[in-house]
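To start, the structure under review is shown below, and the notes come after it.
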Amino acid sequence: MKQWRLVLGMVAGIGLAAACQDAAFARMNKCVDPVTKAVTLSDLPCKESLAPTPAQAAASAEADRQAEIEEAGRQAARRADRQLRDKYPDQASHRRAHHNELLEVSRMLRGPTARYRELVEQRKPLDVQAAFYVGKPLPLELKRKFDANEAAFAALVDVFRGLQLEVAAIDAQFGNERARLSRLWAGAPPGSMGPLPAASAPSLPR
């Protein structure tokens with residue numbers, strides 16, 4: 001009989017403990033985060049988690065967008081550096097490419113140079129004729145020839161200026177590349193220097 005009473009007491013104790021646990025569980029607070037929708041149980045009162053304001057949400061989205069842009073920029077810089085280093089594995093290859101670019105511009109000078117000599121030869125007889133009219137108006141036909149020659153010279157000057165600007169742009173581009181490549185050749189990790197700066201537009205004195 002004592003053993004039966006002992007067993008009954010143990011069963012009753014277990015039942016009482018389970019009941020207490022059920023009661024305690026029933027008293028726990030079911031907390032739902034309004035932002036993440038995560039559900040948690042706590043015997044403490046739920047803490048209010050306020051949803052972000054429209055301004056906060058916009059700021060967060062802008063921060064994420066900026067982070068994505070910056071990461072894309074870093075990836076682009078790494079890719080550009082690797083391509084540049086692969087294209088010019090050493091200083092000799094880069095200098096050779098620079099020379100070839102300038103050589104191509106020098107070839108473009110042949111036509112304008114020939115035209116310049118032609119205009120100089122056209123001007124000589126005009127100057128001889130104009131010497132007879134010092135202090136006097138030039139005859140209309142002679143004046144027209146002078147004006148045409150001057151206009152041709154002016155157009156040729158623009159051509160030479162354009163070629164000078166092209167040479168300056170080539171020098172600036174290769175100068176920027178050489179400064180960057182010197183660090184890459186020395187072992188700098190691709191992308192560690194940020195994006196390759198664009199060469200500033202050259203200008204010529206007037």
Side-chain angles (χ1 to χ4, degrees), residues 59 61-131 134 138 141-206:
E62 178 62 19
D64 292 341
R65 189 180 73 86
Q66 287 297 329
E68 291 177 358
I69 292 174
E70 291 173 3
E71 178 57 26
R74 285 189 289 269
Q75 292 180 6
R78 287 193 291 269
R79 183 167 55 252
D81 278 350
R82 285 193 292 266
Q83 291 174 347
L84 188 64
R85 188 180 57 187
D86 291 343
K87 185 177 182 180
Y88 304 113
D90 51 38
Q91 190 177 55
S93 61
H94 191 257
R95 289 194 178 279
R96 186 163 52 250
H98 189 180
H99 171 74
N100 289 340
E101 289 281 345
L102 294 178
L103 191 61
E104 187 61 30
V105 176
S106 72
R107 292 193 184 100
M108 297 168 62
L109 276 170
R110 294 174 184 172
T113 301
R115 176 60 174 162
Y116 171 79
R117 292 170 182 161
E118 180 184 342
L119 291 175
V120 169
E121 291 302 317
Q122 289 178 2
R123 182 63 176 258
K124 289 178 181 179
L126 298 180
D127 288 337
V128 172
Q129 295 178 50
V134 176
L138 293 176
E141 183 62 25
L142 182 60
K143 186 176 183 307
R144 285 176 179 171
K145 291 180 180 180
F146 262 108
D147 290 345
N149 188 265
E150 290 288 348
F153 265 116
L156 198 58
V157 167
D158 289 340
V159 172
F160 280 117
R161 281 185 176 275
L163 292 174
Q164 282 183 289
L165 287 172
E166 189 165 350
V167 168
I170 290 171
D171 287 340
Q173 173 197 339
F174 277 89
N176 285 346
E177 290 179 353
R178 189 173 297 113
R180 194 176 193 87
L181 281 166
S182 63
R183 298 178 63 180
L184 291 172
W185 291 328
S192 60
M193 295 167 281
L196 178 66
S200 58
S203 60
L204 296 175
R206 291 186 176 275

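Here the structure is a predicted model, which means the values were calculated and not measured. Numbering starts at 1 and runs along the sequence shown.
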Problem set entry | Donor-acceptor contact below 3.5 Å, side chain N149 vs main chain L119 | yes
For this session: Please step through side chain to side chain contact (heavy atoms under 4.5 Å, CB included) for the pair R95 and H99, ending with a clear verdict.
Result: CA-CA 6 Å; R95 289 194 178 279; H99 171 74; over 6 Å; no
Exercise. Could you walk me through whether R123 and K145 pass the side chain to side chain contact (heavy atoms under 4.5 Å, CB included) check?
Worked result: CA-CA 9 Å; R123 182 63 176 258; K145 291 180 180 180; over 6 Å; no
Exercise. Where is the tightest heavy-atom contact between T113 and F160, given as atom of each residue plus distance?
Worked result: N-CZ, 4.0 Å
Exercise. Quick one: CZ on R79 to CD on Q75, what's the gap to the nearest 0.5 Å?
Worked result: 7.0 Å
Exercise. Please walk me through it: do I170 and E166 pass side chain to side chain contact (heavy atoms under 4.5 Å, CB included)?
Worked result: CA-CA 6 Å; I170 290 171; E166 189 165 350; 4.3 Å; yes
For this session: Heavy atoms only: give me the nearest W185-Q91 pair and the separation to one decimal.
Result: CH2-CA, 3.3 Å
Exercise. If we only count heavy atoms from C-beta on, is the R107 to L103 side-chain gap below 4.5 Å?
Worked result: yes
For this session: Return the minimal non-hydrogen interatomic distance between P112 and L163, and the atom names on each side.
Result: CG-CD1, 4.3 Å
For this session: Heavy atoms only: give me the nearest A152-R115 pair and the separation to one decimal.
Result: CB-NH2, 3.8 Å
Exercise. How far apart are the C-alpha atoms of D171 and H98, what are their side-chain angles, what is the distance that settles it, and do they pass the side chain to side chain contact (heavy atoms under 4.5 Å, CB included) test?
Worked result: CA-CA 8 Å; D171 287 340; H98 189 180; 2.7 Å; yes
Exercise. Can you tell me if CZ on F153 sees more than 12 non-hydrogen neighbours from other groups inside 6.0 Å?
Worked result: yes
Exercise. Should the pair K143-D147 be classified as a salt bridge under the 4.0 Å nitrogen-to-oxygen rule?
Worked result: yes
Exercise. Is any side-chain N of the basic residue among E68 and R65 closer than 4.0 Å to the acidic one's carboxylate O?
Worked result: no
Exercise. Within a reach of under 6.0 Å around CZ of R82, are more than 12 heavy atoms found that belong to other residues, nucleotides or ligands?
Worked result: yes
Exercise. Taking atom CD of Q129 and atom CD of E141, what is their separation to the nearest 0.5 Å?
Worked result: 9.5 Å
Exercise. What closest approach, in Å, do A188 and L184 show between heavy atoms, and which atom pair accounts for it?
Worked result: O-CD2, 3.5 Å
Exercise. Looking at CG of L102 and CD of E104, how far apart are the two atoms once the value is rounded to the nearest 0.5 Å?
Worked result: 10.5 Å
Problem set entry | Donor on one side chain, acceptor on other, Q66 and E70, under 3.5 Å | no
Problem set entry | Rounded distance [0.5 Å steps], CE in M193 versus CG in D81 | 4.5 Å
